[in-house]
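Step one of this worksheet: look at the structure below.
All values below come from the heavy atoms of this structure, side chains included, with hydrogens, waters and symmetry mates left out.
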Amino acid sequence: MNKPLRILVILSVIILSGVLINAAQQDSVTEYENTDTTEVTVEHDKITSDSYNIKAIKIPENLEFAGERVPLEKDYIKEDVDREFLVNTYWQSNGLLWIKRANKYFPIIEPILKEKGLPDDFKYIAVIESNLMNVTSPAGAKGFWQQLSGAARENGLEVNSNVDERYHLEKTTRAACDYLIDAKKTFGTWALAAATYHSGKGNINKYLREQMVDSYYDLLSGPNTERYLPRILAAKYILSNPKKYGFQFDESDLYTYPEHTTIKVDTAISNLAQFAKEHNTTYRELKILNPWLRENKLNNKSRKVYYIDIPK
């Protein structure tokens, strides 16, 4: 190739490269200019507002606990109550579990409250204390009613490594009733009795004396105790009329207590798994119905009478 022709080819390549680079830059600018986030943001906002609404909760008028009026004219009480209604209405999964479990366990708790002469509203303490589950708190309180070992023994429950009646729903409910009835006699109102269940009789008595008041609703007792009654009230009103607060379910969605028979036992049982097998059930099913049996045996050296539930 002669020299003039070579120069011409080189110039042609240079010019063509320049054209291609310029075209690529123009495409990049065009793409950038067409990326307008304003329209996209507006569209996303529109989608969110159209599909999801968060509504304020209307607090029922004439709010009351155990027949005692709640003074909503006090702004701080109204705000505390509003907070618990909001938290527990919009904590949807927990609320639905409350509803499902209440159908299973309230038929056991309610007759005991009536038998003991305690207002029906106190069943909601078990709801907020344990979510109607046999749980253990960081402080060591156990069962539906979250009783500490010392208080449980004082109220007649057997508590040891082999048998822990804080997990026996009927017995622990009766023990809680005895405590609350005594607290009502001491402090005069059901609201204060409920507060002692959370904070203790000694603490509530100290707060009342130091602050020279006689009402739970006038008491500065710490955030957890101050939230206690409002939380009970939220549980009461939501569970009393769940569909009003947006909870949708069918009767078939609710939990039910297993059908069972009861066997009287006044001897030791060396192996509960074997005992279960002899009664045509499993160790797991036996322990579900009798969570107060804490080991795979029942010592019973004193020949005490126990009643063990067996599934049908």
Side-chain angles (χ1 to χ4, degrees), residues 47-67 70 72 78 80-114 118-137 142-146 167-170 172-173 176-177 194 197-198 227-260 282 284-285 287-291 309 311-312:
I47 291 170
T48 301
S49 62
D50 284 351
S51 62
Y52 188 63
N53 294 305
I54 303 171
K55 299 180 180 179
I57 305 299
K58 301 301 181 185
I59 304 301
E61 296 180 3
N62 302 317
L63 206 65
E64 58 90 21
F65 170 72
V70 178
L72 292 176
K78 186 175 182 179
D80 287 346
V81 170
D82 185 55
R83 172 186 182 180
E84 299 306 325
F85 270 80
L86 281 168
V87 168
N88 292 288
T89 297
Y90 286 109
W91 191 3
Q92 295 95 331
S93 59
N94 196 60
L96 274 172
L97 286 169
W98 278 2
I99 294 161
K100 289 169 179 274
R101 293 176 187 144
N103 190 71
K104 182 177 182 179
Y105 295 113
F106 276 2
I108 298 172
I109 295 172
E110 289 167 347
I112 297 172
L113 297 180
K114 186 175 181 180
L118 209 68
D120 189 67
D121 284 357
F122 277 93
K123 65 191 178 188
Y124 301 107
I125 283 184
V127 175
I128 67 162
E129 284 282 353
S130 66
N131 292 318
L132 296 175
M133 297 174 67
N134 277 315
V135 295
T136 300
S137 77
K142 297 179 184 292
F144 277 47
W145 292 89
Q146 288 292 279
Y167 293 104
H168 192 300
L169 183 53
E170 292 92 336
T172 192
T173 299
C177 288
Y197 200 86
H198 177 264
R227 289 185 66 182
Y228 199 65
L229 255 294
R231 190 177 292 131
I232 294 172
L233 290 167
K236 170 186 174 178
Y237 282 88
I238 291 169
L239 289 175
S240 297
N241 194 353
K243 294 188 178 180
K244 176 181 177 181
Y245 294 94
F247 292 96
Q248 302 297 321
F249 56 90
D250 298 323
E251 289 298 312
S252 60
D253 297 324
L254 304 178
Y255 302 153
T256 56
Y257 203 80
E259 293 187 11
H260 62 279
T282 64
R284 179 175 183 176
E285 289 178 323
K287 293 299 281 287
I288 287 172
L289 283 173
N290 304 276
D309 294 333
K312 287 184 178 180

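- Taking a 6.0 Å sphere around NZ of K104, one finds it holds more than 12 heavy atoms contributed by other residues, nucleotides or ligands.
- Considering all non-hydrogen atoms of both residues, I57 and D82 come closest at O-OD1, 3.8 Å.
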List, one per line, each side-chain donor-acceptor pair under 3.5 Å for residues 236-250, sequence neighbours excluded.
| residue | atom | partner | partner atom | Å |
| --- | --- | --- | --- | --- |
| K236 | NZ | E64 | O | 2.8 |
| K236 | NZ | E64 | OE2 | 2.9 |
| K236 | NZ | D121 | OD2 | 2.9 |
| Y237 | OH | E64 | N | 3.3 |
| S240 | OG | Y124 | OH | 3.4 |
| S240 | OG | K236 | O | 2.6 |

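- The two residues G143 and S130 make their nearest non-hydrogen contact at O-CB, 3.7 Å.
- Here the CG-CZ distance, from D80 to R231, works out to 10.5 Å after rounding to the nearest 0.5 Å.
- To the nearest 0.5 Å, the span separating OH on Y167 from NZ on K142 amounts to 4.0 Å.
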TODO: Go through the steps for Y105 and T173 under the test side-chain contact (heavy atoms from CB on, under 4.5 Å), then give the verdict.
DONE: CA-CA 11 Å; Y105 295 113; T173 299; over 6 Å; no
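- Atoms CD1 and CZ, on I232 and R227 in that order, are 12.5 Å from each other to the nearest 0.5 Å.
- Residues A234 and N88 share a closest heavy-atom pair of CB-ND2, 4.0 Å.
- Separation of atoms CG (N290) and CG (D309) is listed at 5.0 Å; rounding is to 0.5 Å.
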TODO: Test L132 against F144 for side-chain contact (heavy atoms from CB on, under 4.5 Å), laying out the working first.
DONE: CA-CA 5 Å; L132 296 175; F144 277 47; 3.9 Å; yes
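- Rounded to the nearest 0.5 angstrom, I108 CD1 and Y257 OH are separated by 4.5 Å.
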- [ ] Walk me through it: do V135 and N131 pass the test side-chain contact (heavy atoms from CB on, under 4.5 Å)?
- [x] CA-CA 9 Å; V135 295; N131 292 318; over 6 Å; no
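- Judged purely by distance below 3.5 Å, without hydrogens or angles, the side chains of Y228 and E84 never pair a donor atom with an acceptor atom.
- Atom NZ of K287 has more than 12 heavy atoms from other residues, nucleotides or ligands within 6.0 Å.
- When every heavy atom of E110 is checked against every heavy atom of D120, the shortest pair comes out as CG-OD1, 3.5 Å.
- The nearest pair of heavy atoms linking P258 to L289 is CG-CD2, 4.1 Å.
- Taken from CZ in R101 to CG in N103, the straight-line distance is 13.0 Å, to the nearest 0.5 Å.
- When all heavy atoms of A235 and I128 are compared, the pair lying nearest together is CB-CG2, 4.0 Å.
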TODO: List the steps, then state whether side-chain contact (heavy atoms from CB on, under 4.5 Å) holds for I109 with W145.
DONE: CA-CA 11 Å; I109 295 172; W145 292 89; 4.1 Å; yes
